[in-house]
Amino acid sequence: MHNATSLRKLFLGAALAALFVSGAPTAVQAKKAAAAEWPVVTSPVKRDDAMEARIAQIIAGMTLRQKIGQMTQPDIRSITPDEVRQYYIGSILNGGGAWPEGKKQAAVSDWVALADAYYKASMATDMAVNVPVIWGTDAVHGHNNVFKTTLFPHNIGLGAAHDPKMIREIAHLTAKQVRATGITWAFAPTVAVVQNPRWGRTYESYSSDPKLVRSYAREFVGGMQADLKGPDAVIASVKHFLGDGGTHGGVDQGETRSSRANLIKTHGQGYYGAIEAGVQTVMISYSSYTDSGTGVAHGKMHGNRELITDVLKGKLGFDGLVVSDWNAIEQVKGCTRTRCVQAVNAGIDLFMVPDDWKKFIDEAVADVEAGKIPMSRIDDAVTRILRVKMRSGLFDGSPMPTVAAASHMADSKVRSLARDAVAKSLVLLKNSKRNLLPLSRKSKVLLVGKGADKVGSQLGGWSLTWQGDETDDSDYPLADDMLSALQKTVANGGKVDFSADAAGVDVKAYDVVIAVLSERPYAEMKGDVRIPETLRHSDRYPQDLAVLKAVSGKGVPVVSVLFSGRPVYANNLINLSDTFVAAWLPGTEGQGITDVLFRAADGKPNRAFRGTLPFDWPGAACPEVSKKPVLFKRGFGLTAIKTSKLGKLVEDKLATCPALPE
Ligand code: BGC
Ligand code: BGC
């Protein structure tokens, strides 16, 4: 019976026997055993000998300063094109809310002009062979730092849509938009497998289902990078390696406590999918890793040589470049934001040192000269950076940024895809009135809610600005918020009136109330809901509860639409609603919602609800201490034809949550 399993058993037996003979396993043996569990994944992008020889030749002619310059990534707010030339800078980025000349409404031509200036500067150095600079941007739901762009639903909504093919298409059209501004690298997709919705980046995650994350990562990278060279191809960056979605208490940049096995089977999945699609860059996570099996605290991921070098570059065979996150190296023990020998030696190749980059260069040069960083490590880093640049056609001037310009940020194809994605992402959680949905276009609609006439409430963070705040509707002239989507939908015979708080409104004069409940926009660092805060939406947004109280119980059906970056505890809001829709952060195309809520112009049903929950939906204000932490399981979602027998939900009274046990 010599099948594979019995052979493996035989090997294990032999290994165990060897252990008994030699005593406890050495650290090296233990490490090897653990590393062996990582899956075998294969990138379709193969090594090209001629290319490798060319890279080696270029590197042989580079000075140390030129090499370190290649490993440096400043933010556009802190570097001029001429400094790119002077310091041999390998890469630049525009962080969230960084635009050409600081203009929020910069035109596409401004972006192209700036990209051109940086590119030309990089090709005008005194290096033996000039190396083109590569510009990275957070295109995480469309090309979201650019004025008049179409914004897709954030990842959480795409996860609800469970449509991998659509992900490919979204990534492809996003790549086109990015390329149209002269940029060739996007810091996406985020493949965090989020475990706790308290985390302020939950909406950047597709799902808590690792299988879905893996398939989406594969499709996203395939759609964005395409053949790596075409006029629409943009380099993808899968992030944040590893375990960003697993932090204790859902704390941003926190500590991920996880067994090795869980790291492999949960948090690693997105990377397997991305590598299988040929992803060329990986961004490291701010979080730290503690092995809950052994209790060993490995510290910040940015200093984790084992996971970055032995696992990612070794076991998983990743041969592209590893980039650090924004000033993240300063969090590694013993490091500053400009100096981190551990991070270089751990295997990070390119350093996102947005502002203090000159100091970073000086100190890294000194550390190599002092022998603290081996030259072989520097050469490996630069090799990987040049490899990615060559594979993406940058060395062939293919295409120079200007060649790709012209295309519109919001052409009809992009908008209709985004609208379709919105429709697919809606999850119907409650539908207690038979034959209420879909609504007639001739309905008299009362629209209420503070976020119903503000597009920002449906965009979330990473929208024109970092946090998605400091913007208003004039920054999104092409977008449809709920009010404008309704105005475009409701036909002659019907009407739409809007009141943010429903004060003094005669609700009975309407056929239906549509209530928009919403979180204010947020992103990393600011978006966490930390213990002792509850996950109850109305604790943070009492106006939403107040407005529902003002309109419900008047004999007019109430359809609630929630814009949120996470599943929230909302039993009180659900009780006051006849219909309750989780709409996540749908982006600029509000008509994707009315497409589903309303019948078509001819009176026939238009589009059905088909989204299902990408995460469990909380059934308690403090799920971590509740006996009934979940109201709806991941995968739940009604169709409009189905009425639910939800009944009145018990309302949890806890006003604050107890601290987590350590
Ligand atoms: C975020 C990354 C992002 C980077 C650049 C960091 O703070 O964690 O996801 O790509 O900033 O904006
Ligand atoms: C940048 C973001 C970055 C953040 C991190 C902001 O100023 O614009 O892109 O992620 O800082 O601290």
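Counting from 1, the numbers follow the sequence of the chain as shown. Counting convention: from 1, in listed order, for ligands and their atoms alike.
- With respect to K103 and D110, a salt bridge is recorded, a charged nitrogen being found less than 4.0 Å from a carboxylate O.
- Shown in contact with M283 at under 4.0 Å from a heavy atom are these atoms of ligand 1, numbered in order with element: 2 (C), 10 (O).
- Taking 4.0 Å as the cut-off, W462 counts as a neighbour of ligand 2 on heavy-atom distance.
- Taking the six-membered ring for Trp and the full ring otherwise, the centers of W135 and Y119 sit at least 6.0 Å from each other.
- Those atoms of ligand 1 with a heavy atom of G95 less than 4.0 angstrom away are 12 (O).
- Residue contacts with ligand 1 leave out N327, since none of its heavy atoms falls under 4.0 Å from the ligand.
- Residue R77 has at least one heavy-atom neighbour below 4.0 Å for each of these atoms of ligand 2: 1 (C), 8 (O).
- Aromatic ring centres of Y203 and Y522: separated by under 6.0 Å.
- Contacts between L93 and ligand 1, counted as non-hydrogen atom pairs separated by less than 4.0 Å, involve the side chain only.
- Remark: K239 engages D138 in a salt bridge, criterion side-chain N to carboxylate O under 4.0 Å.
- Within 6.0 Å of NZ in K104 there are more than 12 heavy atoms belonging to other residues, nucleotides or ligands.
- The distance criterion of under 3.5 Å between nitrogen or oxygen atoms is met by G96 with respect to ligand 2.
- In this structure, M525 has no heavy atom closer than 4.0 Å to ligand 1.
- Regarding atom 6 (C) of ligand 1, its nearest protein heavy-atom neighbour is D325 OD1, 2.7 Å.
- Within ligand 1, the atoms closer than 4.0 Å to a non-hydrogen atom of K239 are 2 (C), 3 (C), 9 (O), 10 (O), numbered from 1 in the order shown.
- Remark: distances from the non-hydrogen atoms of R201 to ligand 1 include one below 4.0 Å.
- Atoms of ligand 1 lying under 4.0 Å from any heavy atom of H240, numbered from 1 in the order shown and given with element: 2 (C), 8 (O), 9 (O).
- Closest to atom 12 (O) of ligand 1, if we only count protein heavy atoms, is D138 OD2, 2.5 Å.
- Results of the salt bridge (Lys or Arg N to Asp or Glu O under 4.0 Å) test with E306 over K315, R260, K313 single out R260 as the only residue that passes.
- Atoms of ligand 1 lying under 4.0 Å from any heavy atom of W326, numbered from 1 in the order shown and given with element: 6 (C), 7 (O), 11 (O).
- Nearest heavy-atom pair across R566 and R198 is NH2-O, 3.1 Å.
- Under a 4.0 Å heavy-atom criterion, W466 is not in contact with ligand 1.
- A donor atom on one side chain and an acceptor atom on the other are not found under 3.5 Å apart for Q253 and S287.
- Aromatic rings of H298 and Y289 (six-membered ring for Trp) have centroids within the 6.0 Å cut-off, being under it.
- Shortest contact from atom 10 (O) of ligand 2 to any protein heavy atom: E524 OE2, 2.8 Å.
- Side-chain atoms of Q225 come within 3.5 Å of backbone N or O of Q280 as a donor-acceptor pair.
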